[in-house]
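In what follows, every chain begins at residue 1, and chains take the letters A, B, ... in the order their sequences are listed. FYI, side chains are in, hydrogens and waters are out, and symmetry mates aren't considered; it's all heavy atoms of this structure.
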Amino acid sequence: MPYLQRTFFERSALFVAPDLLGCTLVRLKDGIRLAGVIVETEAYQGEEDLGCHARAGRTPRTEIMYGSAGHAYIYFTYGMHWMLNVVTEREGYPAAVLIRAILPQEGLDEMTRLRPNLARTAHWTDGPGKLTQALDLNGGMNGLDLCAPASPLFIEPAGQATAVAQMVTGPRIGLTSVPEPWKSIPWRFRPKI
DNA sequence: GGCCCGATACTCT
DNA sequence: GAGTATCGGGCCC
């Protein structure tokens with residue numbers, strides 16, 4: 001099965017984020033497939049979105065978000081965690097979707113090695129900082145093109161799209177000092193259990 | 001199961 | 001220099 005092409009990502013983050021639910025995030029590491037189904041995303045878009053890093057305008061860090069869709073925006077936060085986002089929208093407009101959680105499917109042995117302190121599979125990748133650890137992603141992969149042939153990181157389409165009725169939305173996590181309406185705007189997406 | 005708290009370093013002011 | 005799109009351990013139910 002092919003992977004998601006650039007046109008998929010060249011849309012509003014508000015469409016891409018829910019559409020990514022059920023898709024499979026794949027990381028090729030030394031020929032091994034580390035993969036999981038995406039089960040939580042958040043949309044960040046525009047300089048007017050005060051929860052988005054681009055609120056400060058173009059800086060060396062946010063430059064990637066202004067670039068072409070389908071590229072990885074991987075940044076460092078809290079002194080120890082890497083976060084994986086996928087750039088969306090047209091070039092010049094800063095927007096991205098944060099991938100917050102996946103369900104591990106393939107490469108479980110390798111993930112065991114990358115997450116040595118956790119015994120239970122479900123908790124290996126149920127947070128944005130956790131899944132980058134489990135997939136061995138870090139700043140070295142910032143700017144990677146997920147739509148390029150033979151990319152070590154890409155996303156496979158969902159067998160079946162998640163219907164709106166089977167989806168839960170809510171405020172984005174961790175925006176403690178962000179003013180309203182951005183703090184509470186329901187741009188976080190999960191499948192209903 | 002949940003709450004509290006410290007770790008830790010990068011980005012922009 | 002302040003703030004941060006978090007995690008995991010310790011503790012208490």
Student: Within the 3.5 Å criterion, strictly below it, is a donor on A:Q166 or A:T162 matched to an acceptor on the partner's side chain?
Tutor: no
Student: So which atom in A:V37 and which in A:T24 form the shortest heavy-atom distance, rounded to 0.1 Å?
Tutor: CG2-OG1, 4.1 Å
Student: Can we say A:E110 and A:R27 salt-bridge, meaning some charged N sits less than 4.0 Å from an Asp/Glu carboxylate O?
Tutor: no
Student: A side-chain contact here means heavy atoms from C-beta on lying under 4.5 Å apart; do A:F8 and A:L20 qualify?
Tutor: yes
Student: Base, backbone or nothing for each nucleotide of nucleotides 8-13 of chain B, written B, S, -, heavy atoms under 4.0 angstrom, 5' to 3'?
Tutor: BBSSS-
Student: When all nucleic acid strands are considered with a 4.0 Å heavy-atom cut-off, which category describes A:G51: base, sugar-phosphate, or nothing?
Tutor: base
Student: Minimum heavy-atom separation for A:P94 and A:A54, please, with both atom names.
Tutor: CB-CB, 3.5 Å
Student: Separation of A:H123 atom NE2 from B:dG2 atom C1', in whole Å?
Tutor: 13 Å
Student: When all nucleic acid strands are considered with a 4.0 Å heavy-atom cut-off, which category describes A:R115: base, sugar-phosphate, or nothing?
Tutor: sugar-phosphate
Student: May I have the distance from A:Q133 (atom CD) to B:dA7 (atom C1'), rounded to whole angstrom?
Tutor: 13 Å
Student: Grab the NZ-P distance between A:K130 and C:dT6 for me, whole Å please.
Tutor: 12 Å
Student: Shortest non-hydrogen contact from A:I74 to A:L84?
Tutor: CG1-CD1, 3.8 Å
Student: Name the residue closer to the 5' end of DNA chain C, choosing between A:T176 and A:L131 according to the nucleotide with the nearest heavy atom.
Tutor: A:T176
Student: Look at the side chain of A:H53 against the base of C:dA5 and say whether a donor-acceptor pair falls under 3.5 Å; ignore hydrogens and angles.
Tutor: yes
Student: Any stems for DNA chain C, made of 3 or more Watson-Crick or G-U pairs in a row, each with both distances under 3.5 Å?
Tutor: B:1-7 with C:6-12, B:9-12 with C:1-4
Student: Quick test of your reading of the model: are A:E106 and A:R33 salt-bridged, counting only N-O distances below 4.0 Å?
Tutor: yes
Student: Expressed as a whole number of angstroms, how long is the span from A:L137:CG to C:dA5:C1'?
Tutor: 16 Å
Student: For A:I173, answer base if it contacts any base atom (sugar-phosphate contacts may also be present), sugar-phosphate if it contacts only those atoms, and nothing otherwise; contact means non-hydrogen atoms under 4.0 Å.
Tutor: sugar-phosphate
Student: For A:F154 and A:Y3, take the angle between the two ring planes, folded into 0 to 90°, and tell me which bin it lands in: parallel under 30, tilted 30 to 60, perpendicular over 60.
Tutor: tilted
Student: If I take atom OH in residue A:Y75 and atom C1' in nucleotide C:dT6, what distance separates them, rounded to the nearest angstrom?
Tutor: 9 Å
Student: In whole angstroms, how far is the C1' atom of C:dT6 from the CG atom of A:N138?
Tutor: 17 Å
Student: Output yes when A:R90 and A:E10 qualify as a salt bridge under the 4.0 Å nitrogen-oxygen rule, no when they do not.
Tutor: no
